[in-house]
Amino acid sequence: MQEGVQIADPARRSMLLTALYIAQEQYGYLTKDAIERVANRLRLPVADVYSMASFYSLYRTEPTGRYVLQVCEGLSCHLVGGADRLVDYLQKKLGLEVGQTTRDGLFTLETVQCLASCGTSPAMRVNDALYENMTPERIDELLETLRGYHV
Amino acid sequence: MFEKVLTRNFGLPRSESIGVYIANGGYQALPKALHECDPEQLIEMVTASGLRGRGGAGFPAGRKWGFMPKGSDIEKYVCVNTDEGEPGTFKDRELVEKDPHQIIEGVIIASYAVGAHRAFVYIRGEFFLGVKRWIKAIDGAYAKGFLGKNILGSGFSLDLSVHRGAGAYICGEETALIESLEGKRGEPRKKPPYPASVGLWGKPTLVHNVETLANIPHIINRGAEWYSSIGTPKSTGPKIFCISGHVRNRGIFELPLGVPLREIIYEHAGGMTFDKKLKAVIPGGASTPMLTPDQVDTPMAFETLEEAGTMLGTGAIVVMNEDTCMVDVARRLMRFFAHESCGRCTPCRTGTQRMLNILERLEAGQGKAEDIETLERTARKIQGLTFCPMGDAAINPVLSGLKLFRDEYEYHVTHKRCPV
């Protein structure tokens, strides 16, 4: 964020969601320092900014792996054999539980609520990209591709 | 065959581009609205069309426009709700990704009609492609002079920008959306006052779902009479239905409101996968009570679904076959509601969590005899007692499940396992 720019009320506070996204991008996740900087910049209490970071699920206050694998556990994904099956597969394949990160720091596994891909389920997100009609085979290919970037 | 209106360009290459939109009749309603109609006429036209909100509540759009105070000296806003998150629903994402200019044209006309000069798109944070498509489309509309100062020489000016949400289902509720736009936690406001009188930054605000706005250019182009001839008298116009679950062709189908549920499932969606028997259908997204196979002839319209004890909601149909465990379905939907409860009011915050605990216990074969009664009682204690409609939405999977499949719940308690 550019320092020294005067931001008018009430638009100042409206910048908070965007400011948190920018800080998260710069710091990797919303560290204490990141939250304090956003708070100072927008002249808001630190606790207030932290409460925003904890309310919205796309903000992270803990570090994650390079790729966050988010498997949709919505009803439409489950009905076509997704959700649990894909989560189980990924847990075994990566040797971790939901919420954990692989030791090489590459993958974090999470479950998420409906991704609005019910017609092309099962669905998952990897960072900002959406992957639809997922199967264990397609997960294998995806993981291989992502690993290939870091050899 | 029904002539597609909202999705007519979806199959075209680069359907999201302004060139394709214009080449197929796009941005023709805008000059008509700005040069030939005064705002009052537009409000009358939309009212006469019978268009009702497509975000779930089905409120008449023309009346919503009419609630906005008149007068050019009042600062007013329009918000475009792209916070699609109702499980089973994926129409808004497709509309934004495949034909965003149709929505923009609707936004400009709606803003002109209510006298707003500033409009905001609020989009779900997860919709990364959607954000990109919105930004590109808005830039394109500015470049052609459809947005900005003195649009098409009419003297009317409008600025439109995109705000990205950050992961909260509740922000689809219009007052929570406004809070989030203001940079606050997405906790719904007390109503009244409604956004039409006190909305964004305390100013009158019109909030519409993207599908609602996508209808506007067509109403202006072809007239209210044409529009209201589609559908039923109380549910007019085309509707994008989303169908998922145990059917052969999952996806979106644009059909007139009032089309029988049976036709959508067995004709458009190609029937049940593996020819299994139908067990239950969610007609309008996770918040709407389920229907049983004997109700599949119900027309998919606001009034007929209400008579059948449920709602049209977002028009998101989730089809479940005979092998589906209804306790598991309720547990999954409750996990969603418990996760998405904003936490502001106690019945919703603790009620959804308590119901989830019971459903998880039942599903794990550890259900106690009193669990079913406790589940039902908890649901009733939430009903009508929460700040926003989410509490009532959250109890629907449980109450409709208990009403239709109580024996299945009891089986989980007595046999410690699932009957299917």
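Every chain is numbered from 1 and lettered A, B, ... according to where its sequence line falls, protein lines coming before strand lines. Just so it is clear, the model here is predicted, and its values are computed rather than measured.
Interatomic distance, E94(B) CD to T120(A) OG1, rounded to the nearest 0.5 Å: 7.5 Å. Interatomic distance, CH2 of W201(B) versus CZ of R13(A), reported as 12.5 Å (0.5 Å rounding).
L115(A) places none of its side-chain heavy atoms less than 4.5 Å from the side chain of R93(B). Two residues are said to be in side-chain contact when any heavy atoms from C-beta on lie closer than 4.5 Å; F90(B) and S76(A) fail this criterion. Between R332(B) and D84(A), some side-chain heavy-atom pair lies under the 4.5 Å cut-off. Within the 4.5 Å cutoff, the side chain of L79(A) has heavy atoms near those of the H246(B) side chain. Contact annotation: the side chain of L75(A) never approaches that of P87(B) to less than 4.5 Å [non-hydrogen atoms, C-beta and beyond]. Using a 4.5 Å heavy-atom cutoff, the side chains of R164(B) and Y21(A) are in contact. Looking only at side-chain heavy atoms (C-beta outward), H78(A) and D328(B) come within less than 4.5 Å of each other.
Shown here is K184(B), whose NZ atom has more than 12 heavy atoms of other residues, nucleotides or ligands within 6.0 Å. Within a 6.0 Å sphere centred on OH of Y50(A), heavy atoms belonging to other residues, nucleotides or ligands number 12 at most.
Looking at T89(B), the atoms closer than 4.5 Å to chain A (heavy atoms on both sides) all sit in the backbone: N, CA, C or O. Only the side chain of F127(B) comes within contact range of chain A, judged by heavy atoms closer than 4.5 Å. With a 4.5 Å cut-off on non-hydrogen atoms, R335(B) touches chain A through its backbone and its side chain both. Proximity to chain A involves both the backbone and the side chain of V329(B), based on heavy atoms less than 4.5 angstrom apart. Proximity to chain B involves both the backbone and the side chain of S51(A), based on heavy atoms less than 4.5 angstrom apart. With a threshold of 4.5 angstrom between heavy atoms, L181(B) approaches chain A through N, CA, C or O but not through any side-chain atom. Proximity to chain B (any heavy atom under 4.5 Å) is shown, for A129(A), by neither the backbone nor the side chain. Contacts of D323(B) with chain A are absent, with no heavy-atom separation under 4.5 Å from either backbone or side chain. Within the 4.5 angstrom heavy-atom criterion, only side-chain atoms of I170(B), from C-beta onward, approach chain A. Neither the backbone nor the side chain of V247(B) comes within less than 4.5 Å of any heavy atom in chain A. Interface remark: L44(A) contributes no atoms to any contact with chain B (heavy atom separation under 4.5 Å). Interface residue I282(B): only side-chain heavy atoms are found under 4.5 Å from chain A.
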Could you walk me through whether L58(A) and E126(B) pass side chain to side chain contact (heavy atoms under 4.5 Å, CB included), step by step?
CA-CA 8 Å; L58(A) 293 181; E126(B) 287 90 339; 4.1 Å; yes
Could you go through the side chain to side chain contact (heavy atoms under 4.5 Å, CB included) check for C114(A) and Y169(B) one step at a time?
CA-CA 9 Å; C114(A) 191; Y169(B) 165 76; over 6 Å; no
Output, in order, the C-alpha distance, side-chain angles, deciding distance and verdict of side chain to side chain contact (heavy atoms under 4.5 Å, CB included) for E73(A) and F336(B).
CA-CA 9 Å; E73(A) 59 171 8; F336(B) 169 79; over 6 Å; no
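Judged by the 6.0 Å and 45° rule, R185(B) forms no cation-pi pair with Y56(A).
Per-residue counts of heavy-atom pairs under 4.5 Å with chain A were compared for S180(B), G85(B), G245(B), C171(B); the largest is that of S180(B). Ranked by heavy-atom pairs under 4.5 Å with chain A, the first of H339(B), E86(B), M320(B), H163(B) is H339(B).
Judged by distance alone, with hydrogens and angles left aside, the side-chain atoms of S244(B) form no donor-acceptor pair with the main-chain N or O of G119(A) at under 3.5 Å.
Closest heavy-atom contact between F55(A) and C342(B): CE1-O, 3.7 Å.
Remark: the S121(A) side chain and the R250(B) side chain contain an N/O donor-acceptor pair separated by less than 3.5 Å.
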